[in-house]
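Inspection log for the structure reproduced underneath, given as structure tokens.
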Amino acid sequence: MKPSKVREMGTEELKTKEGELQEQLFRLRFQKSLGQLDNALKIRETRRDIARVKTVLREKQVSR
């Protein structure tokens with residue numbers, strides 16, 4: 001997910017997206033523990049997407 005795309009989203013959209021990404025990360029970790037994960041880099045990408053969303057949310061809170 002591109003940072004510019006994340007910055008275009010509204011606050012509620014960002015909170016929803018964060019929840020979706022957290023759920024996706026949980027599922028990926030579960031698959032990894034069962035040995036069913038095909039692409040281990042997906043975990044890293046998801047963690048970084050969560051960090052991007054949290055960063056933009058924080059920026060929006062501070063700018064108020």
Side-chain angles (χ1 to χ4, degrees):
M1 178 181 304
K2 298 280 185 179
S4 59
K5 183 180 176 186
V6 175
R7 284 191 168 82
E8 293 173 359
M9 300 172 111
T11 306
E12 291 302 317
E13 288 177 292
L14 287 170
K15 289 180 182 178
T16 304
K17 188 68 174 173
E18 181 185 359
E20 292 171 0
L21 289 169
Q22 291 285 2
E23 185 177 327
Q24 181 181 0
L25 182 62
F26 173 77
R27 282 188 264 114
L28 288 170
R29 286 181 175 161
F30 193 72
Q31 287 177 353
K32 182 181 177 188
S33 69
L34 295 175
Q36 297 175 346
L37 186 62
D38 296 331
N39 186 2
L41 292 178
K42 190 70 176 161
I43 292 176
R44 183 191 316 173
E45 292 171 7
T46 304
R47 279 195 347 254
R48 288 182 178 178
D49 286 342
I50 291 170
R52 281 188 193 101
V53 168
K54 285 184 174 185
T55 300
V56 172
L57 271 172
R58 183 69 179 141
E59 287 174 355
K60 289 182 183 233
Q61 288 176 349
V62 170
S63 68
R64 288 186 187 173

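Please read these numbers as outputs of a predicted model, since none were measured by experiment.
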Check the pair Gln24 / Leu21 against side-chain contact (heavy atoms from CB on, under 4.5 Å), numbers first and verdict last. CA-CA 5 Å; Gln24 181 181 0; Leu21 289 169; 3.8 Å; yes
One pair to check against side-chain contact (heavy atoms from CB on, under 4.5 Å): Glu18 and Leu14. What are the steps and the verdict? CA-CA 6 Å; Glu18 181 185 359; Leu14 287 170; over 6 Å; no
Is there a side-chain contact (heavy atoms from CB on, under 4.5 Å) between Val53 and Asp49 once you walk through the steps? CA-CA 6 Å; Val53 168; Asp49 286 342; 5.6 Å; no
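Rounded to the nearest 0.5 Å, atoms CG (Leu41) and CG (Leu28) are 11.5 Å apart. Here the straight-line distance linking atom OG1 of Thr55 with atom CZ of Arg7 works out to 8.0 Å at 0.5 Å rounding. Atom NZ in Lys17 sits 6.0 Å away from atom NZ in Lys5 (nearest 0.5 Å). A distance of 11.0 Å separates CD of Gln61 from CD of Glu59, quoted to the nearest 0.5 Å.
For the pair Glu20/Thr16, a side-chain contact is recorded, criterion being any heavy-atom separation below 4.5 Å from C-beta on. Under the 4.5 Å side-chain criterion, counting only non-hydrogen atoms from C-beta, Lys15 is in contact with Thr11. With a 4.5 Å cut-off on side-chain heavy atoms, Lys60 and Leu57 do not count as touching.
Looking at every heavy atom in both residues, Val6 comes nearest to Arg52 through CG1-O, 4.2 Å.
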